[in-house]
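Excluded from the calculations below are hydrogen atoms, water molecules and symmetry mates; all remaining heavy atoms, backbone and side chain alike, are included.
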Amino acid sequence: FSPDGRMLASAGEDTTIRLWDVGVGKCLHVLDLTNTLIYAIAFSPDGAYLAAGCDEQRLCLIEMASQRIAKQFKGHAEAIITVAFHPDGDMLASGGRDETIRLWDIGNGHELRTLQGHSAQILSVAFHPTGNLLASISADRNIRLWDVTTGQCLRTLHGHTHIIRALMFLADGRTLVTGGYDERLKFWDVLTGRCFKTLIVPGPYEGMNITGATGLTDAQKATLKALG
C-alpha cells in the first residue's frame with residue numbers, strides 16, 4: 001500500500017507492476033520492467049518512489065510521478081527477494097538468494113554496506129521505527145537484528161521450528177513479531193531478544209476425529225493428521 005492508503009501496488013512473474021486505486025478497485029497504471037521477474041516491491045515513506053527487487057540481481061527505484069526507473073542498484077549475486085525503505089526515506093535495504101542483505105544510499109546509488117551471517121536466502125527485512133535497527137529472516141529459520149550504522153549483527157533469535165515467512169516491528173519499537181510455517185506467531189522483546197509470547201494458529205482440520213472413518217487411504221489419513 002502507498003503511505004496514504006489510496007493505492008496498492010502488485011507485482012509478479014508477468015514482469016509488470018500494477019498500480020490499483022483501492023477505493024474503486026481499478027488498475028490505474030501498468031509498469032513493465034521487461035523480461036524480469038519481480039519478487040518484492042515497497043513504497044518510499046513519502047510515496048514518491050517504488051522500489052522493486054528483481055531476479056536479474058538488480059534493485060530498481062521507480063519515480064512515481066514519471067513512472068520511470070530513476071535508479072538501478074546492482075551488487076547482489078542472485079535474485080532480490082525482499083526490499084524495505086528506511087523510515088527517513090534516504091536508505092534502502094535489500095535481501096536476496098545470495099544470503100546477503102545490502103544497504104543502499106538512495107541519493108547517490110552507492111552500496112553502504114553488506115550484512116552477512118545468514119546461511120540461506122533472505123526472505124524479508126524490516127527497519128525498526130527509529131531506523132537504527134534492521135530485522136531480517138531467512139530460510140535458515142533464524143531472526144537477526146542488525147545495527148544499521150555499523151552493519152554488526154547485535155542478536156540472533158531462535159525459536160521457530162520451520163521457515164519464517166513474515167516479520168514486523170510494532171509501532172512502539174519494543175516488540176518484533178514473526179510468523180512461520182510452524183504455525184506460530186512469536187512476539188520478541190527487541191531489547192533482550194526474549195520471546196515473551198507465542199500464538200499457535202489452529203490447523204485447518206484441528207479437532208477433527210477420523211477414528212473409524214472409512215474410504216480413506218493411509219496416506220490420506222496421514223495428510224489429515226499433518227494438517228492438524
Side-chain angles (χ1 to χ4, degrees), residues 1-12 15-34 36-54 56-76 80-96 101-115 122-137 145-151 166-177 190:
F1 285 95
S2 61
D4 61 10
R6 296 179 181 176
M7 187 180 297
L8 175 70
S10 63
T15 77
T16 67
I17 297 172
R18 295 176 184 268
L19 303 176
W20 305 83
D21 184 308
V22 175
V24 300
K26 179 182 178 182
C27 181
L28 301 175
H29 305 287
V30 178
L31 312 178
D32 192 348
L33 296 193
T34 311
T36 183
L37 305 184
I38 305 161
Y39 292 115
I41 51 177
F43 278 103
S44 62
D46 62 1
Y49 294 95
L50 185 72
C54 306
E56 295 181 337
Q57 305 96 48
R58 62 175 176 147
L59 175 60
C60 298
L61 188 67
I62 300 166
E63 185 181 52
M64 294 300 295
S66 64
Q67 296 183 21
R68 296 181 180 275
I69 296 175
K71 288 187 176 73
Q72 295 190 59
F73 308 87
K74 293 186 177 182
H76 282 280
I80 298 170
I81 304 299
T82 177
V83 295
F85 277 91
H86 188 278
D88 291 341
D90 58 357
M91 183 191 299
L92 263 173
S94 60
I101 301 160
R102 296 170 191 264
L103 302 181
W104 309 89
D105 184 310
I106 292 178
N108 57 31
H110 294 163
E111 182 181 325
L112 297 171
R113 54 194 58 86
T114 300
L115 313 182
I122 313 301
L123 298 176
S124 189
V125 294
F127 280 102
H128 187 271
T130 64
N132 297 328
L133 297 176
L134 181 79
S136 62
I137 54 176
L145 296 177
W146 308 85
D147 184 307
V148 171
T149 302
T150 66
L167 82 168
M168 67 173 292
F169 285 102
L170 297 191
D172 63 8
R174 291 185 240 173
T175 303
L176 176 70
V177 184
V190 173

Gap between atom [atom2] of [Y] and atom [atom1] of [X] - 0.5 Å precision:
X      : Y      : atom1 : atom2 : answer
Leu103 : His110 : CG    : NE2   : 15.0 Å
Leu145 : Leu134 : CG    : CG    : 8.5 Å
Leu37  : Glu56  : CG    : CD    : 8.5 Å
Lys26  : Leu19  : NZ    : CG    : 13.0 Å
Ile17  : Cys60  : CD1   : SG    : 8.0 Å
Leu59  : Ser94  : CG    : OG    : 5.5 Å

Measure across [X] and [Y] and return the closest heavy-atom pair with its distance rounded to 0.1 Å.
X     : Y     : answer
Pro87 : Pro45 : O-CG, 3.5 Å
Phe85 : Ala42 : CE1-O, 3.2 Å
Ile69 : Arg58 : CD1-NH1, 4.3 Å
Leu92 : Ala51 : CD2-CB, 3.9 Å
Ala9  : Ile41 : O-CD1, 3.3 Å
Ile80 : Tyr39 : O-CB, 3.3 Å

Is [Y] close to [X] at the side-chain level, that is, under 4.5 Å between some pair of heavy atoms?
X      : Y      : answer
Tyr49  : Glu63  : yes
Thr149 : Asn132 : no
Phe73  : Arg102 : no
Thr15  : Asp32  : yes
Cys54  : Leu33  : yes

Suppose we screen for ring pair (Phe, Tyr, Trp, His ring centres under 6.0 Å). Which residues come up paired with [X], at least two apart in sequence or across chains?
X      : answer
Trp146 : none
Phe127 : His86
Phe169 : His128

Would you please name every residue forming a side chain to side chain contact (heavy atoms under 4.5 Å, CB included) with Ala48, sequence neighbours left out?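 With neighbours one apart ignored, the set is Ser44, Asp46.
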
For Thr82, what residues pass the side chain to side chain contact (heavy atoms under 4.5 Å, CB included) criterion, not counting sequence neighbours?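 For Thr82 the side chain to side chain contact (heavy atoms under 4.5 Å, CB included) partners, ignoring immediate neighbours, are Ile122, Ser124, Val125.
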
Listed by chain and number, what are the side-chain hydrogen bond (donor to acceptor under 3.5 Å, both in side chains) partners of His29, not counting sequence neighbours?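 Partners of His29 under the side-chain hydrogen bond (donor to acceptor under 3.5 Å, both in side chains) test: Gln67.
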
Worked check of side-chain contact (heavy atoms from CB on, under 4.5 Å) between Val190 and Arg174: CA-CA 5 Å; Val190 173; Arg174 291 185 240 173; 5.7 Å; no

Just by distance, do the side chain of Asp4 and the backbone of Arg6 share a donor-acceptor pair under 3.5 Å?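 It does hold such a pair.
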
Is a side-chain N or O of Arg113 found less than 3.5 angstrom from the main chain of Val148, in a donor-acceptor match?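 It does hold such a pair.
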
